[in-house]
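Throughout, a chain's letter reflects where its sequence line sits, starting with A, and its residues are numbered from 1.
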Amino acid sequence: MPNPFDFGRFRPSVRTAGGEPLSALARPGVRLPATLPNRFPEFAHSDFQSFKEDPGVPGVRVRFAPSPTGSLHVGGARTALFNWLFARGQGGRFILRIEDTDRERSSPEMVEDILDALRWLGLDWDEGPFLQSERLDRYRQVADWLVSANKAYRCFCSTDELAAKRQAASASGKSWKYDGACRELPPDQFRARHARGLPSVVRFKGTRVGEVVFEDRIFGRIAHRTEQIEDFVLVRSDGMPTYHLGVVLDDLDMNISHVIRGADHISNTPKQILLYQALERTVPDFAHLPLILGSDRTRLSKRHGATAVTTYREQGYLPDPFCNFLALLGWSPKTEVESLSTDELIRQFSLKGVNKSNAVFDPEKLSWFNSRYLRNAPAERLLPLIRVELEREGLWKGEFDSSDRAWMLKVIDLLKQRVRMVSDFATQGRAFFTDDFEIEDKARRKFLKNEALPLLMPELAARLESLPAFGLEEVESALRAFAAEKEVKAGLLINAARALLTGKAVAPGIFEVMAALGRDRTVARLSGTSWLENEPRAGE
RNA sequence: GGCGCUAUGGUGUAAUUGGUUAACACGCUGCCCUCUCAAGGCAGAGAGUACGGGUUCGAUCCCCGUUAGCGCUACCA
């Protein structure tokens, strides 16, 4: 097995135009403040001061950091999966963090929803979930330090002012980024505005020479010139940290070794690297994952149908095939075998197998994985899942899991062959679990039109009723003998029986159905005549 | 608009220190099996690797340009 650490240790660098490392320009003697009381005593390596002295050792620590502005979608699930697979494969730690600094859009319900979805997928976390909203003091503390070290500054420009400038620029066809109006505010002006109680944000004081270069584990070398990186906001006027401050500080405090996240963050990475530099810390490894798109090659969204993981759970998809399918979006195993159990996924996953191009989400293939999994799963495993579906339909009976358990397992084995989702057991298999079912029109049209049937079926029922035993073979030979005797094709009887017994045009082999239903139910349904009365309406 | 990234059948992905009939899976078509539908078996269609140049005996692979798509360009994350 290839060693996933084979590709060497990439370190990003920031260089001036002259080529010397930017850290050489950093002001000497600047120290971080003593850390606040640790709000996360669970962290083994979270001491912001000390871990720098102890590089190398930590091992793999990765994280998934969704923001609770919506429920977990397939893109997020794939990101979580890859982090989890990497951690599990490396014997590392998988940490869950909730980025809820956007007060407007975040909600506790969504946090629960995301946790639920992750649990369902089987992606268990080792630490967390940690909420950024509980670390506010820490962000402010570090932001203050940054300001005092002249690596950030307070900006009094109002959003209106900025919007106006941006407007003006775009009106004349030019791009605009923050002009640094407050960057070198004279002390007296600063004091004056401060005294007036003007709201302000904290902006990062970026350098304007050289370029930021980093080696992405997946995309390779990525370079940005620093001049195109504006002085981004670190702390909003309401005191809440922005994403950039949040991620960097959290990844530092949580001692994250590999940042594995969506490629939509590639362009943010240089900003964050600058921040790491300003904080005088080493930078984690970055691995950006290609994005998942809808069938029209635009970013997956609601109008592409289901994007929330919970929707798939509700529709009867299973976590294992779901993860298997997700893993194949952007990653491929070394071998040609695509159907992998979660354990095999862990064993085979490597960042080296991840490609760079965006992938289109194909529900058909997901469905194939799901049906394949269902077909091969032992009935015992499926029973609890099916129970949920039957309960939802009001079809569940206690005996199914007690006195009739053996029978139930047999029925599951029968039905699982041609099912695509768990919910199909309750719909396609309804007639096995209750006598209250309808004969679908399609079955009527296909199988019940022959005029001889109203006479034949009750007679067949009588024949079956008198059978000494009601096993597969007895039933089959009885039906075939009856067909021969009446000089009709066995298929005519078989298909009519299918419609009468299951209500469906599609069902398992008819003799298996009869054996599973048992003599009484089989005879009753075949001899019943109610189907003659409800003719389907004309035109249907 | 600026900046960044990407580009192999319809979809997901393989492939070669540059040399293969460009491979596998989903989907699709036909046949077999057969009591329906799946499954399974067999056979097939579908890309000449976005386009245009270059380097080379030879390019999907290296270089340049173009195009397209996506991402970033917020006091969202």
Side-chain angles (χ1 to χ4, degrees), chain A residues 65-69 99-102 104-106 155 157-159 162-163 166 169-170 172-178 199-203 216 219-220 222-225 228-230 232-238 240-244 246-247 261-271 288 290-291 293 295 297-299 325 328-339 353 355-369 371-372 375 417-420 428 442-443 446-447 476 479 489-499 502 504-511 513:
Chain A
S67 70
T69 54
E99 308 211 325
D100 58 348
T101 54
D102 184 346
E104 304 277 289
R105 303 193 302 151
S106 299
C155 165
C157 300
S158 71
T159 45
L162 296 176
R166 202 170 287 128
S170 76
S172 55
K174 276 180 271 181
S175 68
W176 189 84
K177 51 185 191 304
Y178 181 66
S200 65
V201 300
V202 176
R203 281 183 189 274
D216 190 274
F219 283 85
I222 291 177
H224 274 75
R225 287 185 303 282
Q228 69 205 24
I229 300 172
E230 73 174 346
F232 54 95
V233 173
L234 297 173
V235 181
R236 295 185 265 240
S237 53
D238 66 357
M240 294 296 278
T242 61
Y243 165 68
H244 296 295
V247 254
R261 70 212 325 185
D264 48 345
H265 289 298
I266 283 185
S267 304
N268 290 325
T269 307
K271 288 180 195 157
H288 288 94
L291 266 20
L293 311 177
S295 52
R297 294 206 158 267
T298 64
R299 208 180 190 170
F325 169 74
L328 264 14
L329 256 29
W331 174 81
S332 65
K334 279 296 182 189
T335 65
E336 290 199 325
V337 183
E338 283 197 333
S339 254
N355 71 0
K356 305 177 194 176
S357 45
N358 295 345
V360 173
F361 183 86
D362 179 13
E364 288 269 19
K365 189 160 181 174
L366 202 214
S367 183
W368 179 81
F369 272 108
S371 63
R372 189 185 174 288
R375 211 162 45 239
Q417 303 302 327
R418 59 211 81 207
V419 120
R420 275 177 104 70
Q428 285 185 34
K442 192 177 166 198
K446 257 179 108 172
F447 299 139
E476 172 156 14
L479 183 142
K489 287 171 104 176
L492 176 70
L493 267 23
I494 286 171
N495 284 325
R498 180 183 329 280
T502 68
K504 303 285 175 191
V506 172
I510 199 64
F511 305 115
V513 170

Practice prompt. Can you measure from OG1 (Thr298(A)) to CG (Leu291(A)) and round to the nearest 0.5 angstrom?
Written response: 11.0 Å
Worksheet, complete the sentence: Regarding the side chain of Ser332(A), the nearest nucleotide among rG27(B), rA77(B), rA14(B) is rA14(B)
Worksheet item: If only side-chain N and O atoms of Arg261(A) are considered, is one of them under 4.0 Å from the OP1 or OP2 phosphate oxygen of rA77(B)?
Response: no
Item to complete: Could you tell me whether Thr159(A) contacts a base, only the sugar-phosphate backbone, or nothing, with contacts defined as non-hydrogen atoms closer than 4.0 Å?
Response: base
Worksheet item: Considering only side-chain heavy atoms of Glu336(A), which listed nucleotide, rA14(B), rC70(B), rC24(B), is closest?
Response: rC24(B)
Worksheet item: Which part of the nucleic acid, if any, lies within contact of Lys446(A), taking any heavy atom under 4.0 Å across all strands shown: a base, the sugar-phosphate backbone alone, or nothing?
Response: sugar-phosphate
Fill in: His265(A) side chain near Val247(A) side chain, heavy-atom distance below 4.5 Å
no
Discussion item. Under 4.0 Å, counting only non-hydrogen atoms across every strand here, what does Glu338(A) touch: a base, just sugar-phosphate, or nothing?
Written reply: base
Discussion item. Any non-hydrogen side-chain atom of Phe325(A) less than 4.5 Å from a side-chain atom of Ser367(A)?
Written reply: no
Practice prompt. Looking at every strand, decide which applies to Gly330(A) at a 4.0 Å heavy-atom threshold: base, sugar-phosphate, or nothing.
Written response: sugar-phosphate
Fill in: Arg105(A) vs rA77(B): side-chain N/O to OP1/OP2 distance below 4.0 Å
no
Worksheet item: Taking OP1 and OP2 of rU6(B), is either one under 4.0 Å from a side-chain nitrogen or oxygen of Lys356(A)?
Response: yes
Worksheet item: Mind checking whether Tyr243(A) and Ser67(A) have side chains closer than 4.5 Å, heavy atoms only?
Response: no
Fill in: Whole-Å distance separating the CG atom of Asn355(A) from the C1' atom of rU49(B)
15 Å
Discussion item. Which is more 5' along RNA chain B, the nucleotide nearest Phe361(A) or the one nearest Val201(A)? Just name the residue.
Written reply: Phe361(A)
Worksheet entry | Atom-pair distance (CG on Leu366(A); P on rU13(B)), nearest Å | 14 Å
Worksheet, complete the sentence: Winner on side-chain proximity to Phe219(A), out of rC5(B), rC3(B), rA77(B), is rC5(B)
Item to complete: Measure from the side-chain heavy atoms of Arg418(A) and tell me the nearest of rU36(B), rU13(B), rC70(B).
Response: rU36(B)
Practice prompt. Would you classify Pro508(A) as touching base, sugar-phosphate or nothing, given that sugar-phosphate means primed atoms plus P, OP1 and OP2, and contacts are heavy atoms under 4.0 Å?
Written response: base
Worksheet item: Of all the nucleotides listed (rG1(B), rU13(B), rA25(B)), which has the minimum atom distance to the side chain of Ala359(A)?
Response: rU13(B)
Item to complete: With heavy atoms under 4.0 Å as the rule, sort Thr101(A) into base, sugar-phosphate or nothing.
Response: sugar-phosphate
Discussion item. What contact category does His265(A) fall into here, base, sugar-phosphate, or nothing, at under 4.0 angstrom with non-hydrogen atoms?
Written reply: base
Discussion item. For rG10(B), does the O4'-C1'-N9-C4 or O4'-C1'-N1-C2 angle fall within 90° of 0, making it syn, or is it anti?
Written reply: anti
Worksheet entry | Closest to side chain of Arg299(A), choosing from rG71(B), rA25(B), rC75(B) | rG71(B)
Item to complete: For the side chain of Asn268(A), starting at C-beta, report the closest nucleotide among rC75(B), rC72(B), rC26(B).
Response: rC72(B)
Worksheet item: With both distances under 3.5 Å as the test, what is the Watson-Crick or G-U wobble partner of rG1(B)?
Response: rU73(B)
Discussion item. Just to be sure I understand the rule, does Gly220(A) reach a base, reach only the sugar-phosphate, or reach nothing, if contact means heavy atoms closer than 4.0 Å?
Written reply: nothing
Practice prompt. Take the protein atom CZ of Arg375(A) and the nucleotide atom C1' of rA38(B), then report the distance between them rounded to whole Å.
Written response: 8 Å
Worksheet item: Is the shortest heavy-atom distance from the side chain of Lys446(A) to the side chain of Arg498(A) under 4.5 Å?
Response: no
Worksheet item: Among rA77(B), rC35(B), rG12(B), which is the nearest nucleotide to the side chain of Arg297(A)?
Response: rG12(B)
Worksheet item: Side chains of Leu479(A) and Phe511(A): does their closest heavy-atom pair fall under 4.5 Å?
Response: yes
Worksheet item: Within the pair Ser237(A) and rC75(B), is there a side-chain N or O less than 4.0 Å away from OP1 or OP2?
Response: no
Worksheet entry | Options rG12(B), rC26(B), rA77(B), nucleotide nearest the side-chain atoms of Trp368(A) | rC26(B)
Worksheet item: Roughly how many Å is it from CZ in Arg225(A) to P in rU73(B), rounded to a whole number?
Response: 18 Å
Worksheet entry | Beyond-backbone contact of Pro68(A) with Ser106(A), side-chain heavy atoms, under 4.5 angstrom | yes
Practice prompt. Among the candidates rG12(B), rA74(B), rA77(B), find the nucleotide nearest to the side-chain atoms of His244(A).
Written response: rA77(B)
Worksheet, complete the sentence: From CG of Leu291(A) across to P of rC72(B) the rounded distance in Å is 8 Å
Discussion item. Please classify the nucleic acid contact of Thr298(A) as base, sugar-phosphate, or nothing, using heavy-atom distances under 4.0 Å.
Written reply: sugar-phosphate
Fill in: Base-pairing assignment for rG44(B) (Watson-Crick or G-U wobble, both under 3.5 Å)
rC28(B)
Worksheet item: What's the CZ-C1' distance between Phe369(A) and rU13(B), to the nearest Å?
Response: 11 Å
Discussion item. Output the rounded distance in Å from CG (Leu328(A)) to P (rA14(B)).
Written reply: 9 Å
Worksheet entry | Atom-pair distance (CD on Glu104(A); P on rA77(B)), nearest Å | 11 Å
Fill in: Side chains of Ile266(A) and Phe219(A) in contact at under 4.5 Å (non-hydrogen atoms)
yes
Discussion item. Using heavy-atom distances to pick each residue's nearest nucleotide on RNA chain B, tell me which of Ser357(A) and Leu293(A) is more 5'.
Written reply: Ser357(A)
